[in-house]
Every structure is written in C-alpha cells, then in structure tokens.
Amino acid sequence: MDAPLSRISTVAVVGLGTMGTGIAEVLARAGREVIGIDISEAAAAQAVVALEGSTARAVRRGHLTERERAELLARFRTFTDLRAAADADLVIEVAPESYEIKQQIFRALDTVVRPGTILATGTNALSVTRLAADSARPERVLGLHFFNPAPAMKLVEVVSSVLTAPVAVTAVTDLALELGKEPVAVGDRPGFVADGLLFGYLNQAAAMYEARYASREDIDAAMRLGCGLPMGPLALLDLIGVDTARTVLDAMYAESHDRLHAPAPVLKQLSEAGLTGRKAGRGFYTYEEPGSPVVVPDALTPSDGAGAGPTRTVRSVGVAGSGTMASGIAEVFAKAGYDVVLAARSEEKAEKAKARIDKSLSRSVDKGRMTAEAAEQTLARIAPAGTYDAFAEVDLALEAVAEDLEIKRQLFAVFDKVCKPGAILATTTSSLPVVALARATARPQDVIGMHFFNPAPAMKLVEVVRTVLTTDDVHATVRGLTVAIRKHPVDCGDRAGFIVNALLFPYLNNAIKMVQEHYATLDDIDAAMKLGGGYPMGPFELLDVVGLDVSLAIEKVLHREFRDPGLAPAPLLEHLVAAGCLGRKTGRGFREYARR
C-alpha cells in the first residue's frame with residue numbers, strides 16, 4: 001500500500017449512532033477534522049445536537065472555553081453520502097453488525113478514498129479478515145474497536161488481519177495514543193480480547209439465571225460485591241443490548257464451537273420478543289422508560305418480606321480454624337456484638353489467630369474506623385480454645401479449615417457430637433458439596449453453607465448455600481444473621497462454584513488460553529479487562545493473587561461437576577502449578593515478584 005500520512009489529520013466516521021458520535025467527539029476534541037457520515041439525516045442531525053450538548057457541559061465544568069468549543073464544533077461536519085470521505089486519511093466504519101452492510105460500505109469506499117487511506121472497522125463480532133478480503137486494497141484494512149462511551153473509555157483494540165500492512169497498524173496506534181487512549185494490539189478473532197472474555201462470562205450468567213439457579217438480583221450482587229465489578233452481568237447485558245450480545249456470541253461460537261459461547265436460549269427469547277435491554281425499556285430488568293438507566297419493580301422483583309418465616313436464636317458463634325479466613329470471620333461476628341469461640345487444633349494456634357484479630361482491630365483504630373474502646377470490647381468477645389468441645393453451647397458452629405472434603409467431613413462429625421441440639425452447622429467451603437458435609441452428621445437439616453470472601457472483614461458478600469435437606473428456618477436464620485453482621489446475603493444452590501466462582505474461573509481460564517495460544521500478551525489482556533471492562537484487576541494479576549494452585553483446584557471441580565470440555569483447565573495453568581509457580585506466595589506465577 002502507499003505509505004499513510006505520518007499524522008492522520010482528517011477522519012471520516014461512517015455511522016453516527018451512539019458509538020460513532022462518541023468516536024467523532026474524541027477525534028474533534030483532539031484537533032482532528034471529522035467528517036461524520038450517516039444515510040439518515042436525522043441521525044446526522046442528532047450527532048450534531050449530541051456534540052453541542054456534551055461540549056456545552058464541558059464549558060460549564062471549566063474543561064473547555066467558549067472559543068475552544070466553537071473551534072471544536074467547526075471541525076465536525078456531517079453528510080449523508082460516502083463520497084464525503086474522499087479526502088479522509090482514515091475512515092472508521094461503525095455501522096450495524098452485519099457483513100452485508102459493512103461490505104457494501106467498504107466496496108463503496110474503495111471507489112471514493114485515496115490509495116493510501118486506511119479503512120478501519122469498529123466491529124467487535126465480525127471477521128476483519130473477511131471484510132479486508134472483499135476490499136480492493138486489503139492491506140489498508142484493520143479493526144479499530146473503541147468501547148462505549150468512547151469519550152470516557154481508555155481502551156482501543158487495534159485489530160490486524162494476516163493481510164494488514166504494518167504501516168497501517170503503526171499509524172492508527174499512534175493516533176490512538178494522541179487521542180489519549182491506550183491501544184492494545186490483537187489478532188482477528190470474534191470478540192478480540194475484552195469482549196472475547198467478557199461475553200463468555202455474560203453468557204454463563206444468563207444461562208445461570210435461565211436455569212433458575214439464582215435470581216437476577218443475587219447474580220448481579222454476587223459479582224459486584226464478590227469481584228468488585230462496576231455492574232452485575234445481567235444489568236450489563238441490558239446496557240450492551242441483549243440482541244448485540246447474542247450477535248457477538250453467535251460469531252464467537254461459529255469460530256470456537258465452545259459450548260460456553262453458544263448463546264443461552266434466554267438471549268434469543270428476549271431478543272425475539274423485543275426485550276433487548278435498556279434501549280427497549282425492558283430486558284432482564286424493567287426500566288422507567290426506553291433508554292432510561294432507572295430500574296423499576298416488576299413481577300420478578302423480590303418483596304421486602306421475601307424469605308421471612310420462623311428463625312432460630314443466635315447469640316453465640318463458634319468458628320473453627322486458625323487461618324486468615326477463620327480469624328476474619330471471628331472478627332466480623334465479634335464486631336457485630338456476638339460472643340465468639342475461636343477454636344483450633346491447639347491452644348497455641350487459637351491464641352495466634354486471636355492475636356491476628358488484635359492486629360487487625362489496631363489497624364482499624366489507627367485509621368479512625370473504630371475507637372480503641374470498641375476494639376477492646378470486640379476482642380473481649382472472642383474466646384480462644386484448643387478443643388472443639390468449647391462449641392458445646394454455641395448457637396452456630398462455622399468451619400473455616402482447609403478446603404479438603406475428608407478434613408471437613410471429620411470436623412462436621414465432631415460438630416455433630418459436640419454441639420447442642422438445634423445449633424446450626426455451617427461451612428465456608430467455596431467448592432465442595434455442602435450436602436456431603438451434611439451427611440457426615442445425624443442432623444443434615446441443620447447444615448448450610450456460608451461462603452465468606454477474603455478478607456472477611458472487608459468483603460460484603462456472603463453466598464448462602466442451602467442443600468436439598470436444609471430446613472427453611474435454618475436458611476431464614478442464616479440470611480438474617482448475614483444482614484445482622486452487615487454483609488449482603490445471596491442465595492444459591494449446592495453446586496460447584498456457587499455463583500461467583502462458577503462465573504469467575506471460566507473467565508480466568510479463557511484468559512490463560514488466550515496467552516497459551518499466543519493470541520495476546522499477559523499485559524495486553526490485563527490492560528484490556530481493566531480499561532475495557534472496568535475490572536479492578538486484570539485476570540493474570542488476580543490469578544497470581546488467588547494462587548495458581550487454588551485456581552487449578554477450582555477449575556478441576558467445575559470441570560468435574562459440569563462435564564463441559566470448555567471448562568477443562570488450560571494446560572498452561574497445570575504446567576505452572578506442576579513447576580511450583582503458584583503466584584505471589586511463591587514469588588513467581590504468571591509474573592515474577594520481588595521476594596520479601
């Protein structure tokens with residue numbers, strides 16, 4: 001191809017919907033001449049109105065002067081004919097996700113633009129290679145995938161096909177940097193990096209909801225509170241558009257044939273019923289009006305009294321274990337005013353666990369989160385014990401020992417002998433079947449899961465896991481107790497991974513597969529998910545924090561339970577664990593860490 005201009009000065013944006021208008025604003029703000037093109041005069045006019053509105057707000061906030069605003073608006077001109085792109089150095093197509101529509105645009109542009117003009121598609125679902133192959137000059141065609149809203153989101157995926165000339169990639173990468181964006185270089189496959197990982201996760205969440213495993217509210221709350229995500233997956237599907245998600249997943253499945261990408265039937269049902277999310281006023285949730293972000297109650301909204309019924313009295317709690325999770329849970333209950341027996345296999349271990357709580361409370365005092373008097377009272381409520389016989393009078397016995405089925409079964413057999421009749425027996429397991437622990441007792445109806453997240457004092461979520469044998473009053477008591485200790489309970493059934501791990505770990509596993517297949521680098525994947533998905537940590541940062549051995553164990557449990565080939569642990573993860581590279585705790589996982 002002819003060498004593109006060293007600096008892209010004039011850019012045509014084809015398709016002035018929300019995304020196209022956002023991209024046009026980013027370009028105009030960065031001093032580029034922007035040619036906005038849409039076959040709809042109304043859409044073109046609306047784009048001008050939107051830009052006038054956003055720049056007026058910028059002036060009011062002191063981000064632009066009136067003169068700068070006038071100059072910016074003068075750089076944006078709209079047309080309804082593709083011939084207006086004749087002088088563009090770069091054309092960005094943001095038309096609907098249809099090969100037919102996009103191919104028509106690219107063929108028409110071939111007859112209009114200069115030989116050196118770069119043609120970029122904004123697709124996130126269709127093959128860039130296929131679009132390039134239909135062009136007269138495929139070496140100048142690439143993907144330029146912005147994220148919505150384009151003015152705010154920093155990530156831009158620069159997508160090369162096997163036909164793309166390196167000079168074209170360099171030119172648009174430089175442009176992205178000049179726009180204040182963070183470009184990530186990726187190859188051509190549906191969804192690229194961010195959406196490729198995100199949409200598989202969203203699809204599994206939709207399938208989980210469709211199976212009635214958990215309510216939409218609990219699924220969304222679990223992922224927000226358990227993973228620190230800005231939105232739950234079902235609310236995010238409504239924001240993206242259920243129909244859009246289905247299109248992306250169809251494209252991903254056509255290439256991967258991975259069942260995790262096969263669109264959940266509920267996505268088709270909602271799409272065909274016109275319930276496409278916020279834009280329609282109804283999707284997984286119901287909204288105040290089409291386009292509104294305000295959720296309103298509907299027939300599926302749980303009532304305030306949901307789950308109310310007879311409960312048991314809980315005044316004292318026994319926590320079994322001496323690790324970080326056990327001491328964290330003991331601290332949570334003691335802060336909430338409960339008397340706590342913290343028991344371990346020896347008096348020394350129990351005393352060390354209490355000392356850890358003392359340090360945690362002291363940090364809270366130093367940071368002004370609680371008074372010294374409150375910390376002293378909290379610590380006084382915790383009685384360490386070197387034997388589980390100390391649980392004889394507790395109303396709730398909760399174990400937080402090693403994630404090993406036989407160890408936990410033995411402990412529940414001890415609970416059964418020691419604890420008084422009517423005491424609730426709970427497990428913090430994150431991956432083992434709760435019912436297997438219940439069957440180790442003569443009172444399986446009193447057994448339930450309370451899955452806290454680490455660090456327990458800080459994390460708000462508790463997954464409440466009832467088995468087919470758990471009684472209603474035990475379930476209602478534990479839900480009420482969770483609220484009393486200032487946590488958020490979500491209900492789920494007794495199956496591997498519950499809500500959070502069942503959705504989180506397949507996503508992490510798919511990220512490992514991307515690296516294993518040399519599709520993208522660790523750094524690019526982590527950046528893509530933080531910048532494009534709003535994740536607090538990239539997948540590889542998180543894997544190294546969690547521990548690769550822990551992650552592998554959970555992946556194996558999920559694979560064994562659901563028998564889905566797509567859930568098989570990535571070989572790269574297995575190899576790293578076999579080599580002793582377990583993450584931060586060993587100084588090396590996917591990355592290397594300085595030894596402390």
Side-chain angles (χ1 to χ4, degrees), residues 1 4 8 10-28 32-40 43-44 46-47 76-148 150 153 156-161 163-165 168-169 171-173 175-176 179 181 183 186 188 190-192 195 241 244 247-248 251:
M1 65 178 284
I8 294 171
T10 303
V11 183
V13 178
V14 180
L16 294 176
T18 303
M19 180 60 85
T21 300
I23 293 170
E25 178 177 342
V26 170
L27 291 161
R32 298 320 195 260
E33 294 293 324
V34 183
I35 300 161
I37 303 173
D38 200 295
I39 56 173
S40 164
Q46 180 55 40
F76 180 51
R77 295 167 291 148
T78 61
F79 304 86
T80 57
D81 192 323
L82 279 175
R83 285 176 291 186
D87 294 327
D89 305 314
L90 166 69
V91 181
I92 305 173
E93 164 279 309
V94 204
E97 290 289 86
S98 157
Y99 277 118
E100 185 179 358
I101 293 171
K102 292 181 185 292
Q103 284 169 336
Q104 286 176 358
I105 291 170
F106 273 77
R107 288 178 191 132
L109 288 170
D110 276 337
T111 66
V112 169
V113 300
R114 301 191 306 266
T117 299
I118 299 169
L119 303 181
T121 173
T123 185
N124 67 339
L126 305 181
S127 167
V128 175
T129 306
R130 182 171 164 185
L131 294 172
D134 284 335
S135 168
R137 287 181 291 274
E139 70 279 2
R140 65 181 175 175
V141 178
L142 46 69
L144 201 55
H145 181 213
F146 287 79
F147 287 74
N148 205 10
M153 300 296 279
V156 175
E157 291 177 316
V158 179
V159 189
S160 303
S161 79
L163 304 169
T164 310
V169 176
V172 297
T173 301
L175 173 65
L179 297 177
K181 302 299 184 185
V186 297
D188 181 24
F192 313 130
D195 285 353
T244 301
T247 299
V248 174

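Computed from a prediction, not measured in an experiment: that's the story for all the values here.
When all heavy atoms of Val113 and Ala85 are compared, the closest pair comes out as CG1-O, 3.8 Å. In this structure, Ser161 and Thr129 approach most closely via the heavy-atom pair CB-OG1, 3.2 Å. The shortest non-hydrogen separation linking Thr21 to Ala47 is OG1-CB, 3.5 Å. Taking both residues in full, the closest heavy atoms of Pro183 and Thr173 are given as CG-CG2, 3.8 Å, listed atom of the first, atom of the second, then distance. Scanning both residues, Pro138 and Ala132, for their nearest heavy atoms gives CB-O, 3.1 Å. Of all non-hydrogen atoms in Met19 and Ala150, the two that sit nearest each other are SD-CB, 4.1 Å.
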#### Entry: Derivation and outcome, side chain to side chain contact (heavy atoms under 4.5 Å, CB included), residues Thr164 and Val141
CA-CA 6 Å; Thr164 310; Val141 178; 5.9 Å; no
### Message
Apply side chain to side chain contact (heavy atoms under 4.5 Å, CB included) to residues Val14 and Val91 and explain how you reach the verdict.
### Response
CA-CA 7 Å; Val14 180; Val91 181; 3.7 Å; yes
### Check against side chain to side chain contact (heavy atoms under 4.5 Å, CB included), Arg83 and Thr111
CA-CA 9 Å; Arg83 285 176 291 186; Thr111 66; over 6 Å; no
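A donor and an acceptor atom, one from each side chain of Ser127 and Asp188, are located under 3.5 Å apart. A donor-acceptor pair shorter than 3.5 Å cannot be found between the side chains of Asp87 and Thr10. A donor-acceptor pair shorter than 3.5 Å cannot be found between the side chains of Thr244 and Thr247.
A heavy-atom distance below 4.5 Å is found between the side chains of Ile92 and Leu27. A heavy-atom distance below 4.5 Å is found between the side chains of Glu97 and Thr123. Side-chain contact check for Gln46 versus Leu16: every heavy-atom pair is 4.5 Å or farther apart.
Considering only residues two or more places apart in sequence or on other chains, Phe147 meets the ring-ring contact (aromatic ring centres under 6.0 Å, His included) condition with His145. When the salt bridge (charged side-chain N to carboxylate O under 4.0 Å, His left out) test is applied to Glu93, the partners found at least two apart in sequence or on another chain are Lys102. Residues satisfying the salt bridge (charged side-chain N to carboxylate O under 4.0 Å, His left out) criterion with Arg130, sequence neighbours excluded, are absent altogether. Looking at residues two or more places apart in sequence or on another chain, you find no side chain to side chain donor-acceptor pair (under 3.5 Å) involving Arg107. Partners of Asp110 under the salt bridge (charged side-chain N to carboxylate O under 4.0 Å, His left out) rule, at least two apart in sequence or in another chain, are Arg140. In this view, Asn124 and Asp195 satisfy the side chain to side chain donor-acceptor pair (under 3.5 Å) rule, not counting sequence neighbours.
Put simply, CG on Leu82 and CG on Asp38 are 10.0 Å apart, with the number rounded to the nearest 0.5 Å. Atoms CZ and CD1, on Phe76 and Ile35 in that order, are 10.5 Å from each other to the nearest 0.5 Å. Distance check, rounded to the nearest 0.5 Å: CG of Leu119 to CG of Leu131 gives 10.5 Å. Remark: Leu142 CG to Leu90 CG distance equals 8.0 Å, nearest 0.5 Å. Between the CD1 atom of Ile37 and the CD1 atom of Ile105 there is a distance of 9.5 Å, given to the nearest 0.5 Å. Atom-to-atom distance recorded for Glu139:CD and Ile118:CD1 is 11.0 Å, nearest 0.5 angstrom.
Proximity of a side-chain donor or acceptor of Lys181 to a complementary backbone N or O of Glu157 within less than 3.5 Å is not detected.
Other residues, nucleotides and ligands place no more than 12 heavy atoms under 6.0 Å from the CD1 atom of Ile39.
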